[in-house]
Amino acid sequence: MLSELEENKDFTSIDEIANPFSLIVAKILELYPETFEGDCQDIRYELYDLGYALGKWIYLIDALDDLKEDMEKKKFNPINFLYNKENKSYDDFIKEIKPRIEFTILNCGYNCKESLEKLPLKRNKEILQNIINLGMMDKYEKVINSCNCKDKKKRIDR
């Protein structure tokens, strides 16, 4: 479904294009094979919600991280496709799009945090909280402030 949407460019919102990947991650977490204390459908719903928000965050952060390179190489990027109707340069476009993308990405992070808090985790809860509260937001800050990790790696490899 995702490949078809990207290939045909048959979508009208960032939510619609991120949905297939979000559903995959949601289902993976919902079907987590271990049982929880008091395991029930509500816990599985929280796992699903966590996975959905995480999947959407991953899809969006990847698109945002690739945006500059995709624009330079004239490759498909859902953010550029949806919002850059005036074919602006990357520098102008990122300034314009930042508040809109930031709202969605931060909302996904918040939803991950809220879902994680509702899960009866016995192990690694603090690690997962750090990943969501600090790691995901740090990654977003690096990407949005042009500390593109992919570019850094390329410079190091040269």
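Only this structure's heavy atoms are used, side chains among them; waters, hydrogens and symmetry mates stay out.
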Exercise. Would you mind reporting whether Glu4 and Met1 have side-chain heavy atoms less than 4.5 Å apart?
Key: no
Exercise. Might you confirm whether atom CD of Gln41 has over 12 heavy atoms from other residues, nucleotides or ligands at distances under 6.0 Å?
Key: yes
Practice problem: For residues Asn80 and Asp70, determine if any side-chain heavy atom of one lies less than 4.5 Å from a side-chain heavy atom of the other. | Solution: no
Exercise. For the residue pair Phe11 and Phe81, categorise the inter-ring angle as parallel (less than 30°), tilted (30 to 60°) or perpendicular (more than 60°).
Key: tilted
Practice problem: Would you indicate whether the side-chain heavy atoms of Met136 and Ile105 approach each other to under 4.5 Å? | Solution: no
Exercise. Looking only at non-hydrogen atoms, find the nearest pair between Leu50 and Cys112 and report the distance.
Key: CD1-O, 3.5 Å
Quiz item: Where do Tyr59 and Val25 land on the side-chain contact (heavy atoms from CB on, under 4.5 Å) test, with the steps shown first?
Solution: CA-CA 10 Å; Tyr59 186 83; Val25 179; over 6 Å; no
Please tabulate, for the side chains in residues 29-37, all donor-acceptor contacts under 3.5 angstrom to protein atoms that are two or more places apart in sequence or on a different chain.
| from | atom 1 | to | atom 2 | distance (Å) |
| --- | --- | --- | --- | --- |
| Glu30 | OE1 | Lys27 | NZ | 2.7 |
| Glu37 | OE1 | Lys122 | NZ | 3.4 |

Quiz item: Hey, are Asp65 and Lys139 close enough for a salt bridge, meaning a charged N less than 4.0 Å from a carboxylate O?
Solution: yes
Self-check item: Asn8 atom CG, neighbour heavy-atom count above 12 within 6.0 Å
Solution: yes
Practice problem: Share the residues that join Tyr52 in a hydrophobic cluster, the rule being Ile, Leu, Val, Met, Phe, Trp or Tyr side chains under 4.5 Å apart at the heavy-atom level. | Solution: Leu23, Tyr48
Exercise. Taking the side chain as every heavy atom from C-beta outward, state whether Ile17 and Leu2 have any atom pair closer than 4.5 Å.
Key: yes
Practice problem: Quickly, which of Leu64, Asp62, Asp66, Leu82 forms a side chain to side chain contact (heavy atoms under 4.5 Å, CB included) with Asn77? Name it, please. | Solution: Asp66
Quiz prompt | CZ/Phe76: more than 12 non-hydrogen atoms of other groups inside 6.0 Å | solution = yes
Quiz prompt | Sub-4.5 Å side-chain heavy-atom contact between Met137 and Leu106 | solution = yes
Exercise. State the NZ-CD distance between Lys125 and Glu117, to the nearest 0.5 angstrom.
Key: 5.0 Å
Exercise. Write down the atom of Gly38, the atom of Ile43, and the distance for their closest heavy-atom approach.
Key: O-CD1, 3.4 Å
Quiz item: Short question: side chain of Asp138, backbone of Leu134 - any donor-acceptor pair under 3.5 Å?
Solution: no
Quiz item: Atom CG of Asp49 and atom NZ of Lys118: how far apart are they, to the nearest 0.5 Å?
Solution: 7.5 Å
Quiz item: Hey, what do you get for OH (Tyr140) to CD1 (Ile101), rounding to the nearest 0.5 Å?
Solution: 8.5 Å
Practice problem: Indicate yes or no: at least one non-hydrogen side-chain atom of Lys56 is less than 4.5 angstrom from one of Thr104. | Solution: yes
Quiz item: Between NZ of Lys74 and CD of Glu72, what distance do you get to the nearest 0.5 Å?
Solution: 9.5 Å
Quiz item: Counting only heavy atoms not in Lys75, do more than 12 fall under 6.0 Å of its NZ?
Solution: no
Quiz prompt | Under 3.5 Å donor-acceptor, Glu16 side chain and Thr12 backbone | solution = yes
Exercise. Taking the side chain as every heavy atom from C-beta outward, state whether Ile58 and Leu54 have any pair of such atoms under 4.5 Å apart.
Key: yes
Exercise. Give a yes or no on whether the backbone of Lys88 and the side-chain of Asn84 come within a donor-acceptor separation of less than 3.5 Å.
Key: yes
Practice problem: State whether Asp91 and Lys95 are salt-bridged, where the test is any N-O pair (Lys NZ or Arg NE/NH1/NH2 against Asp/Glu carboxylate O) under 4.0 Å. | Solution: no
Self-check item: Pair listing, ring pair (Phe, Tyr, Trp, His ring centres under 6.0 Å) test, anchored in residues 91-121, at least two apart
Solution: none
Quiz item: What are the two closest non-hydrogen atoms of Ser22 and Gly55, and how far apart are they?
Solution: OG-C, 3.7 Å
Self-check item: Trp57 to Gly109 - nearest heavy-atom pair and separation
Solution: CD1-N, 4.3 Å
Practice problem: Among Ile131, Asn133, Leu47, Ile132, find the one that has a side chain to side chain contact (heavy atoms under 4.5 Å, CB included) with Leu116. | Solution: Ile132
Practice problem: Find the distance between NZ (Lys113) and CG (Leu128) and round it off to the nearest 0.5 Å. | Solution: 14.0 Å
